[in-house]
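Here's the structure we're looking at; comments come further down.
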Amino acid sequence: MAHTKSNRLSWWMGGILLSLLLLLTISVFGADRPIGASTYVPYLAGVIFNLDPEHYTYLKHINNAGAWEGVMLLGVLFGGFVTSVFITKTFRFSLVPSGWKQYKNNSIFSRLSWSFFAGFIMVIGARLAGGCTSGHFLSGMSQVAISAMVFGGVVMATLIITGRLFYNVKGT
Amino acid sequence: MNEIVFRTDGEGFLSRVFQMIQTVIDQGHGSVALVFLIGVIFGGIVQYARVDKFEKIAGFAMLKDTIVPKMLFLAVGISSIAIYFMVEAGVAHYHIKPIILPGLIIGGILFGASMAILGKCPGTGPVSIAEGRIDVLFGAIGGILGGLVFTLFYDDIFKPLQGESLGKGILPNLFEGNEQLSVLIFGAVIILIAILIPKLEMEDEYEDKDALR
């Protein structure tokens, strides 16, 4: 059987490269801080809605980290776009992932409204915990932080329970 | 009580973006070019490994795809050992997040459940948007509103909900006298888990066409 998968990195090559990027970023020769990817969200909300940072404790609290991740985010969008167009050739506009069609439903409305709702809850959850997959799981566990191990354990368990309850996985 | 307070200096959106860049220049955590480049490489690795796909992340939630945990555990295992020795050598510092148990547990439950449904997280979501996934854009709009709500109700609801910090503990604190060994074992076990997790992949009708037949 001929597999013609899209051009992609193996999991171990991806893991090694991600590790090297984290080591560069956290070292004093790089940025002397870990990688994080959820503080930019409330920061951008402040920028988009023109909130007064002097009035909000939280915006003052995240000013530096939010701006740093905001600039990183611009790079992520650029890097993701260029790689999808020129290397993996997987750029295409789509509304419903094929896995959603297979294990949930074919409704565009369902996918878009669940996405909106999940995005809302995700950011509240990440900010409550003080980090996300990047800040807690990747960067935090790599710094052998207890907080990251607690978060990682809770996320893994909830992720798998939700996957079992939310999708039709048993009948297939 | 929680009315939204706008800025009164009358500056436009673009000037607020320039202010973001200025903040990065002023804080001394790498030049703007370096921070942007870190983002480009991060986005490139995630896209090239295809771990931002719904089938990879929601697929893991359904236990039908294990590429994400294999890659993430390997990265954590290698990095945990390397960073420990980099800190000892003085070429890196630990930046530990506080142990706020209610925040970590409630936040972790909300985060895990929404990650299974969206099939993205805040790091991989932007990559999916950059490759044209419109559904994830809706997730991002929801996320921005979530960030707004968190900011507006931080003092009254979310900060009290996070609870008190139990400090910024790290694993070696629990193994006094065997600090190095505890980190080496932790890293080795995590790498071993990455290798031992059976490799499962959920196919995608667009990118794995022939594999489906």
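Just so it is clear, the structure is predicted and the values come from calculations on it, not from any experiment. Atoms considered below: every heavy atom in the structure, side chains included; atoms not considered: hydrogens, waters and symmetry mates.
Residue-environment remark: NZ (A:K104) exceeds the threshold of 12 foreign heavy atoms within 6.0 Å. Environment of CZ in B:F18: sparse, with no more than 12 heavy atoms of neighbouring residues, nucleotides or ligands closer than 6.0 Å. By the neighbour-count criterion of 12 heavy atoms within 6.0 Å, atom CZ of B:F138 is sparsely surrounded, having that number or fewer from other residues, nucleotides or ligands.
Contact annotation: the side chain of A:V144 approaches that of B:Y94 to within less than 4.5 Å [non-hydrogen atoms, C-beta and beyond]. Under the 4.5 Å side-chain criterion, counting only non-hydrogen atoms from C-beta, B:L118 is not in contact with A:F117. A heavy-atom distance below 4.5 Å is found between the side chains of A:L23 and B:I83. Using a 4.5 Å heavy-atom cutoff, the side chains of A:M156 and B:F60 are in contact. Side-chain contact check for A:N64 versus B:V24: every heavy-atom pair is 4.5 Å or farther apart. The closest side-chain heavy-atom distance from B:D135 to A:V96 is not below 4.5 Å. Put simply, the side chain of A:H136 reaches to within 4.5 Å of the side chain of B:L104, judged on heavy atoms. With a 4.5 Å cut-off on side-chain heavy atoms, B:Y48 and A:M13 do not count as touching.
With a threshold of 4.5 angstrom between heavy atoms, B:A140 does not approach chain A through any atom at all. Contacts between B:P98 and chain A at a heavy-atom distance below 4.5 Å involve the backbone alone (N, CA, C, O). At a 4.5 Å heavy-atom cutoff, B:K159 makes no contact with chain A through either its backbone or its side chain. Neither the backbone nor the side chain of B:V46 has a heavy atom closer than 4.5 Å to any heavy atom of chain A. Using a 4.5 Å cut-off between heavy atoms, B:Y84 does not touch chain A at all. Only the side chain of A:I87 comes within less than 4.5 Å of a heavy atom in chain B; its backbone stays farther off. For a residue to count as touching a neighbouring chain, one of its non-hydrogen atoms must lie under 4.5 Å from one of that chain's; by this rule B:L63 touches chain A with the side chain only. Looking at A:L22, only its side chain comes within 4.5 Å of chain B, counting heavy atoms on both sides. Within the 4.5 angstrom heavy-atom criterion, atoms from both the backbone and the side chain of B:M115 approach chain A. Only the side chain of B:I100 comes within contact range of chain A, with heavy atoms under 4.5 Å apart. Of the atoms belonging to B:L137, not a single heavy atom falls under 4.5 Å from chain A. Of the two parts of A:F93, the backbone and the side chain both hold a non-hydrogen atom closer than 4.5 Å to a non-hydrogen atom of chain B. At a 4.5 Å heavy-atom cutoff, the contact between B:M202 and chain A is made by side-chain atoms alone. No part of B:I81 comes within reach of chain A, as not one of its non-hydrogen atoms sits under 4.5 angstrom from that chain.
From B:T151, atom OG1 reaches atom CZ of A:R127 across 9.5 Å, with rounding to the nearest 0.5 Å. If you take CD1 on B:I41 and CG on A:L18, they are separated by 11.0 Å, rounding to the nearest 0.5 Å. The OG atom of A:S19 sits 10.5 Å away from atom CE of B:M71, with the distance rounded to the nearest 0.5 Å. Going from atom CZ of B:F42 over to atom CE of A:M72 covers 5.0 Å, rounded to the nearest 0.5 Å. If you take CG on B:L152 and CZ on A:F49, they are separated by 9.0 Å, rounding to the nearest 0.5 Å. One finds the CZ atom of A:F166 at 9.0 Å from the CE atom of B:M62 (value rounded to the nearest 0.5 Å).
A donor-acceptor contact shorter than 3.5 Å links the side chain of A:Y40 to the backbone of B:P122. No side-chain donor-acceptor contact under 3.5 Å links A:Y56 to the backbone of B:Y154. No donor-acceptor pair under 3.5 Å is formed between the side chain of A:W68 and the backbone N or O of B:V35. Formation of a donor-acceptor pair under 3.5 Å by the B:H95 side chain with backbone atoms of A:D32 is found in this model. In terms of modelled atom types and a separation under 3.5 Å, the side chain of B:R50 and the main chain of A:T90 share no donor-acceptor contact. With hydrogens and angles ignored, the 3.5 Å screen pairs no side-chain donor or acceptor of B:E131 with any backbone N or O of A:F91. In this structure a side-chain-to-backbone donor-acceptor pair under 3.5 Å is missing from B:K97 to A:A148.
Across A:V154, A:I146, A:I62, the residue that shares the most heavy-atom pairs under 4.5 angstrom with chain B is A:I146. Among B:S114, B:G77, B:G43, the residue with the largest count of heavy-atom pairs under 4.5 Å with chain A is B:S114. When each of B:G147, B:A92, B:G30, B:G143 is scored by its heavy-atom pairs under 4.5 Å with chain A, the top score falls to B:G143.
Checked by atom type, the side-chain pair A:S98/B:E207 shows no donor-acceptor distance below 3.5 Å. Counted by atom type alone, A:T57 and B:D155 present one or more donor-acceptor pairs between their side chains at under 3.5 Å. Donor-acceptor pairing under 3.5 Å is lacking for the side chains of B:S80 and A:Q143.
B:R16 pairs with exactly one of A:N50, A:L51, A:L44, A:I48 by the side-chain contact (heavy atoms from CB on, under 4.5 Å) rule, that one being A:N50.
Ion pairing between a basic and an acidic side chain is recognised when a charged N comes within 4.0 Å of a carboxylate O; B:E55 and A:K101 show no such pairing.
Ring centroid separation for the pair B:F150 and A:Y58 comes in under the 6.0 Å cut-off.
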